Structures are given as C-alpha cells and as structure tokens.
2 protein chains.
Amino acid sequence: MDDQETGPLKSIADLARLAGVSVSTVSRALTGKGALSKGTRGRIQALADRHGFRLNVAAQNLRLGRTGAIAVLMPLGLARGLQLSDPFLVTMLGFLADALTDRGYDLLLSRVSPDRDDWLDAFIRAGRADGVIIIGQADQGAVLGRVAAHYRPMVVWGEQGAGGGPAMVGADNEAGGRLAAQHLVERGRRSLAFFGDIDVPEFAARHAGFLAGLPASLRGGVALVCSPLTPEASHAKARDWFAAGNRPDGIFAASDVVAMSLVAAAADHDLRVPQDLSIIGFDDIPLARLARPPLTTVRQDIEAGAHHLVDLLFRRIGGEDAGSVQIAPELIVRETS
Amino acid sequence: MDDQETGPLKSIADLARLAGVSVSTVSRALTGKGALSKGTRGRIQALADRHGFRLNVAAQNLRLGRTGAIAVLMPLGLARGLQLSDPFLVTMLGFLADALTDRGYDLLLSRVSPDRDDWLDAFIRAGRADGVIIIGQADQGAVLGRVAAHYRPMVVWGEQGAGGGPAMVGADNEAGGRLAAQHLVERGRRSLAFFGDIDVPEFAARHAGFLAGLPASLRGGVALVCSPLTPEASHAKARDWFAAGNRPDGIFAASDVVAMSLVAAAADHDLRVPQDLSIIGFDDIPLARLARPPLTTVRQDIEAGAHHLVDLLFRRIGGEDAGSVQIAPELIVRETS
DNA sequence: CTGTTAGCGCCTTCAG
DNA sequence: CTGAAGGCGCTAACAG
C-alpha cells in the first residue's frame, strides 16, 4: 500500500516535507479552515489518509486554548468508587457521554476528593476541561455557590437552591414527593415512613414534598429513617428497622435501590408487598420494572436531564447567562403499592 | 487576602515575574522536580497558593509527550449510550475510575463508533490518551488483534482468544458455564436452556462451558435462545419464549440482567422459581442479592478485574510485555435455583 | 542553586 | 493561494 515507507509520521512537519509544502498548508488542508485550492487540499488529505496521519489533538487544543473535554464530577461518590454504582448516576453518565460526543467533546471522569474547601477551584485551574458538570451537589452547596460566582462553564444536577447559586438542572423533587404522598393516601395508607438521608438536598426536598402532600392529620406520624444508598447498606438498614418492630403500611424511599432493599427486607420479615405494605421508589431505573413485584416509583427523565445539562453548559460556554431548568416528575404505578 | 492584586496569573511566566525569578525556577518549585533551595521553593509555592495558581496540565502534558488520560472504550455500547447502563459495565467503570485516579490518571470516556474498520487506529492516532482499555471485544476481535500487533498500551476485557491477540483480562467464562451446569444437574434439572447471544465471545464461552459441564445425555437437549442484554428487550424475549409454550426446568442466563428478566417473565406465566424452574445468572451485580427471590449467579470479581486491567496496562506502558490474566469465577447459590 | 534556551505539535496573523 | 515566523504554557538540558 505505502508507496513511500518513510516511517511513522510524527507531526505535521513530516507530512509537509513529504508533500513538498509548508506546515501551514498542511494545517489548512487537514483542519478545513482557511483558504486553500481544492487540489492541494485533496492531495494532502489523501496523503495523510494513506499514512494514517491524524492531527495531534492535545497540541491542537493547547494552541486553541481549549481542551476538548468536559469533566463530569460526582462529589456524592467520592469516598468510594463504588458509589458510582448507583444505577441512576450511571445511566446519567451514559446519556452525558452520548450528548457530549455528539458535540465533539470527550467526557473526563475524574474522581476528586471534596476534602479541602478548594477542591473544585483546584480542579478547574488545572485546566483539564472546558467545562464542568457536577452530578449531585451533596453537601458541597457552599463550594458550588462560591465557584459559580466567578466560573461560568459549570452546571449542576441536583436540587434548586434558593436563587443566586450555580446553574442547575434537576427534577422537581418536591413535586415528586407530593405525588408519592397522594398515591399512598389514595391507597388507604396511614402509617407512613420516609427512607433517605435528608442531608442530601434532593432527598430533603423529596421528604418535604412528601409531608406537604399529606393531610395534616398524617403529617406528624411520618417516620424518618436515614438510609444509605448502596444495596448492601440500605438492605441492612431496612432489615434492622423491621426487626426493631416497626410496621408501617406505606413507605416512600429516596431512590429505587433503597425501595428494592425495602421490598427485600420486607420479605425477610414476612410482610407482604403490597398487601401489608406499599413501597414507592424514586428514579425509575431500568431494573425497577424487572423487580418482583415491579416497583411503583416516581420517574425522573434521565435522558432529558442529561440533554438539559449539556445544552445549558454549552450555552454558558458560549457566553450566554442561561439559568436553571426543572423537570417534572411522573408517578409510575406498578405493583408494590 | 491578596496583598498584590495583579489580575489572574495566566502562566508560569506571570508568577515568575511576580516572584522575581525565572520560569524554570517556578517550574522546579511547583513540580518538585530538580534541585532547588528549600527557601525559594517554599516561597514560590506559597505565592502560587495565595494567587490560586496551578500549572496548566494540558501544556505540561504536551511538553512531556503524554496526555495524563487513559481512554475507556466500550464497543458493545456504541450504538446507544443506553447500553452503557448494563450494571456490570458500570460497576467496572467505577472501579477503573478509582484505580486510574490512584495512579494520577484521568479516565476519558469516549464513545467511538466501530463503523469503519479503522475506528481504533484513528482514535489512537489522535493522541488523546496514553493508553486504551477496551471493555468487551464484541465483534471487533479482528480489529483488536491487528491494532495490538503494533500498539502496546492497550488491554481488553473479555474472552481470551486463541493466542496472538491483544493482552486480555477476563473471567474464565467456560469454567463459569461448567459451574452453572453442575449446579443445575445437582438440583435435578433435566430440561435446560441457555439465554444469551453467542456471537459475543464471552457468552459463547459461557455456553460452551455450560454444555461441557453437562452429562452427554443432556447436552443435546439444551435450547439456545439468543437474548438481548437490556432489561426491556430481554424481558420481552423471555416472555415471548414462555408464551410459545417452552417449559424448561433450568435456565442459565448470560448475565444477571437477563436472569432477572427471566424471573420476571416466569412470574408472568405463573411459573414458580425455583420450584418449577431454576434460573442462574452471571456477574453477581450488586442488585442480584436484592432481587426477589435473590438471584443464584456465577460471580465475576469485577474489582479484581479492574485492578488487573490497570496493572497490566501500566506494565505495558512501562515497556513490559505483560500478557493476559484470567480470573476464576465462583458460584453464588441464592434462591432462584 | 538558578537562569537561558530550545522546543513539544499545532494554528494564525502577516507577507508575498 | 501559499510560506515564514511567533507563540499557546510548560520542561529539560546546558551553562553559569
């Protein structure tokens, strides 16, 4: 195939020498930018192809003052990589990867430890990415607010704080909580509980909405159980809680994984779902439908969320001062309620 | 805080000017490399800290001829980002992110379309990453083999091919299949099926091991059902298959998601699991234990797999000619068998 | 111990 | 339409 075996082409200069033109001509030919005669351009492109030469993206980016990558950071999951295993986060990650690729950007998945207060500033100043998407503000609201004040290309998935914070995209968690409450009440449930850690803002909003959606007579009796998120830990928590003799007839869980743990723990204690106990999750992860019984849940549209995140980010990169977006949740009634 | 407001420090040169030293001194101070008096180093580091200055990683990497990133590519999941949602892949991704971060590398998640034959060469030549981890060879065995012949820093998760291919890490899928077969036989199951797409090499090996683990008398009667991998699609496939009147008493599924779909579909057809039908999955994803009934499965140690992948990759980056690794699977008996 | 110098591979004015 | 030259921000010899 190779008529002239000149060794691997390391740089644009090698190719220029080979083609008998200058480096700038090669650059113009390969980037498609700048005026160039049709003939030369075609000839050089063919030559590059034949030798398998591609512009070095790193150098290109340095010169252009960009990186071609968007960082996705998940403060929630920093302590253990395993936290990343939450199906919701992962599904989100997949959609983000697609949306970013469509725009010609790479997704940089970088674990950062929110141990020091300046973890985010430090990451940003390292210049590894042209923008940052944060999934789950966790307890870093203050940090995010401070950084947002002077760094534009950042968007956050999570619960809308009181104005002035970073640009956010998220489900209307409070509305979701109300949906769950109304549904349980319609089912005749009266002894209720919420499973989730309300130190996480999203979960706090779900909890608040849940209470708000209840008649005043029930509101005071709602048990609040601070459950972890992983399958193992939440299952253990639920089992202990049932073992302690708690017998509610309706539970709203902060996530589908927690809800599935509850279903499993209920079975361990011979509680029938949904006859004795209604359980509602949140997220509608793909596996929720496959659970036995199929899980009733409040759906967040993850794909729409990912697209909004990316749209918003690129608007802000483009200089627009685009603001937050909220996505309406939807109750999906299956068989655990 | 800032005693001298000089505007944001854009580069090492600004800081050098501010500190009254040369750029190389600043470089030495901030990288910690090279000889430098304790005093100057401390002074410059303090100054950098005070002004929030950090070395630009992109420029640093260009100079060093590296990128500081490892690409993770998943040819399986390229058509739709959603494919990434398989819990196994996702869990793997989390462990990889951790292992790479520990070594100071970023994880570049880049969707590439294996449409043209040179997708991998093109990606590599763009120079975006210092190494490549491929999760799931899918039908790209030929491409991987060819690239491996001239590109060292690449490792593949999947099924060991006949020698000469790329460096691989993977579970011993055939042994896993045998474990499943022996277990079903011990349970007295005689009418068997395998659910999975044997065009995928890993699944083909699981299928082959399954047959090999069976007494000759049963081997011929094993149904082979080509099932997709996503929850929705595999559930539909299983339901249709039961609806067509098929009534095996033992099924080995290519993945836990497929197994959970089978459990759900069996329930739709009033088949009791495990009384009427034993089902075994593969992977042992975190949710397998939470399924109702908890799923019997063949466990692959995902964390060990991720560590082997990263170890192997860096050995190869370091010039070693390290070869493949195989991980022993383990049967986890729960309640679907 | 510190400064000077020459690039890493590319893009982009500015001339011709 | 094409070439020459400077520089993106940083590091690593080589001098001093």
Side-chain angles (χ1 to χ4, degrees), chain A residues 6-45 47-48 51-69 104 122 124-130, chain B residues 6-45 47-48 51-69 104 122 124-130:
Chain A
T6 337
L9 269 30
K10 299 284 297 175
S11 86
I12 221 176
D14 297 340
L15 188 55
R17 208 170 302 123
L18 205 66
V21 297
S22 74
V23 287
S24 37
T25 299
V26 174
S27 173
R28 283 189 272 254
L30 265 33
T31 56
K33 294 178 191 167
L36 203 53
S37 88
K38 206 106 180 138
T40 348
R41 170 161 296 154
R43 190 167 60 82
I44 293 177
Q45 283 176 342
L47 200 62
H51 287 265
F53 178 80
R54 302 252 310 201
L55 294 172
N56 179 306
V57 179
Q60 196 171 29
N61 285 336
L62 178 65
R63 176 60 232 253
L64 294 177
R66 44 163 271 171
T67 69
I124 289 169
R125 280 197 309 263
R128 314 216 64 162
D130 297 329
Chain B
T6 336
L9 269 30
K10 298 285 299 173
S11 87
I12 220 177
D14 297 340
L15 188 56
R17 208 169 303 122
L18 205 68
V21 296
S22 75
V23 288
S24 41
T25 298
V26 175
S27 173
R28 283 189 273 255
L30 265 31
T31 57
K33 291 178 192 167
L36 202 53
S37 89
K38 208 107 179 138
T40 350
R41 169 160 296 154
R43 190 167 61 83
I44 293 177
Q45 283 177 341
L47 200 61
H51 288 263
F53 178 80
R54 300 251 312 197
L55 294 173
N56 180 306
V57 179
Q60 196 171 29
N61 285 336
L62 178 65
R63 178 58 234 248
L64 294 176
R66 44 163 269 169
T67 69
I124 290 170
R125 281 197 308 261
R128 314 216 64 162
D130 298 329

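What you are looking at is a predicted structure, and each value in this text was computed from that prediction instead of being measured. Just so we're on the same page: letters track the sequence lines, and every chain starts at 1.
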Identify the heavy atoms of [X] and [Y] that sit nearest to each other, and give their distance.
{"X": "Ile44(B)", "Y": "Leu15(B)", "answer": "CG2-CD2, 4.4 Å"}
{"X": "Ala19(A)", "Y": "Leu47(A)", "answer": "CB-CD2, 3.8 Å"}
{"X": "Val26(B)", "Y": "Ile12(B)", "answer": "CG1-CG1, 3.5 Å"}

**Asked** Of Lys33(A) and Arg63(B), whose closest DNA chain C nucleotide lies nearer the 5' terminus?
**Response**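 On the 5' side of the pair lies Arg63(B).
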**Partner residues of Ala122(B) under the side-chain contact (heavy atoms from CB on, under 4.5 Å) criterion, sequence neighbours left out** =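 By the side-chain contact (heavy atoms from CB on, under 4.5 Å) rule, Ala122(B) matches Arg54(A).
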Measure from [atom1] on [X] to [atom2] on [N] and round the result to the nearest Å.
{"X": "Asp14(A)", "N": "dC10(C)", "atom1": "CG", "atom2": "C1'", "result": "13 Å"}
{"X": "Arg17(A)", "N": "dG9(C)", "atom1": "CZ", "atom2": "P", "result": "12 Å"}
{"X": "Leu55(A)", "N": "dC8(C)", "atom1": "CG", "atom2": "C1'", "result": "15 Å"}
{"X": "Asn61(B)", "N": "dG9(C)", "atom1": "CG", "atom2": "C1'", "result": "14 Å"}

**Prompt:** Does the pair His51(B) and Leu18(B) meet the rule for a side-chain contact (heavy atoms from CB on, under 4.5 Å), with working shown?
**Reply:** CA-CA 11 Å; His51(B) 288 263; Leu18(B) 205 68; 3.6 Å; yes
**Asked** Are the side chain of Asn61(B) and the backbone of Ala58(B) linked by a donor-acceptor contact shorter than 3.5 Å?
**Response**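 No: the side chain of Asn61(B) does not pair with the backbone of Ala58(B).
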Report each atom pair, protein N/O against N/O of nucleotides 1-5 of chain C, whose distance is under 3.5 angstrom.
{"residue": "dT2(C)", "atom": "OP1", "partner": "Thr40(B)", "partner atom": "OG1", "Å": "3.0"}
{"residue": "dT2(C)", "atom": "OP2", "partner": "Ser37(B)", "partner atom": "N", "Å": "3.0"}
{"residue": "dT2(C)", "atom": "OP2", "partner": "Thr40(B)", "partner atom": "OG1", "Å": "2.9"}
{"residue": "dG3(C)", "atom": "OP2", "partner": "Ser22(B)", "partner atom": "N", "Å": "2.9"}
{"residue": "dG3(C)", "atom": "OP2", "partner": "Ser22(B)", "partner atom": "OG", "Å": "3.2"}
{"residue": "dG3(C)", "atom": "OP2", "partner": "Thr25(B)", "partner atom": "OG1", "Å": "2.6"}
{"residue": "dG3(C)", "atom": "N7", "partner": "Ser24(B)", "partner atom": "OG", "Å": "3.4"}
{"residue": "dG3(C)", "atom": "N7", "partner": "Arg28(B)", "partner atom": "NH2", "Å": "2.8"}
{"residue": "dG3(C)", "atom": "O6", "partner": "Arg28(B)", "partner atom": "NH1", "Å": "3.4"}
{"residue": "dG3(C)", "atom": "O6", "partner": "Arg28(B)", "partner atom": "NH2", "Å": "3.4"}
{"residue": "dT4(C)", "atom": "O4", "partner": "Ser24(B)", "partner atom": "OG", "Å": "3.3"}

**Message:** Quick check for you: name the first and last nucleotides of DNA chain D, 5' to 3', having an atom under 4.0 Å from a heavy atom of chain B.
**Reply:**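 Counting from the 5' end, contacts occupy dG9(D) to dA13(D).
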**Message:** Could you measure the distance from the CZ atom of Arg43(B) to the CG atom of Leu36(B)? Nearest 0.5 Å is fine.
**Reply:**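 Result: 10.0 Å between the selected atoms.
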**Request:** Report yes if some heavy atom in the side chain of Phe53(B) is under 4.5 Å from a heavy atom in the side chain of Leu30(B); otherwise report no.
**Result:**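 Answer yes - side chains close enough.
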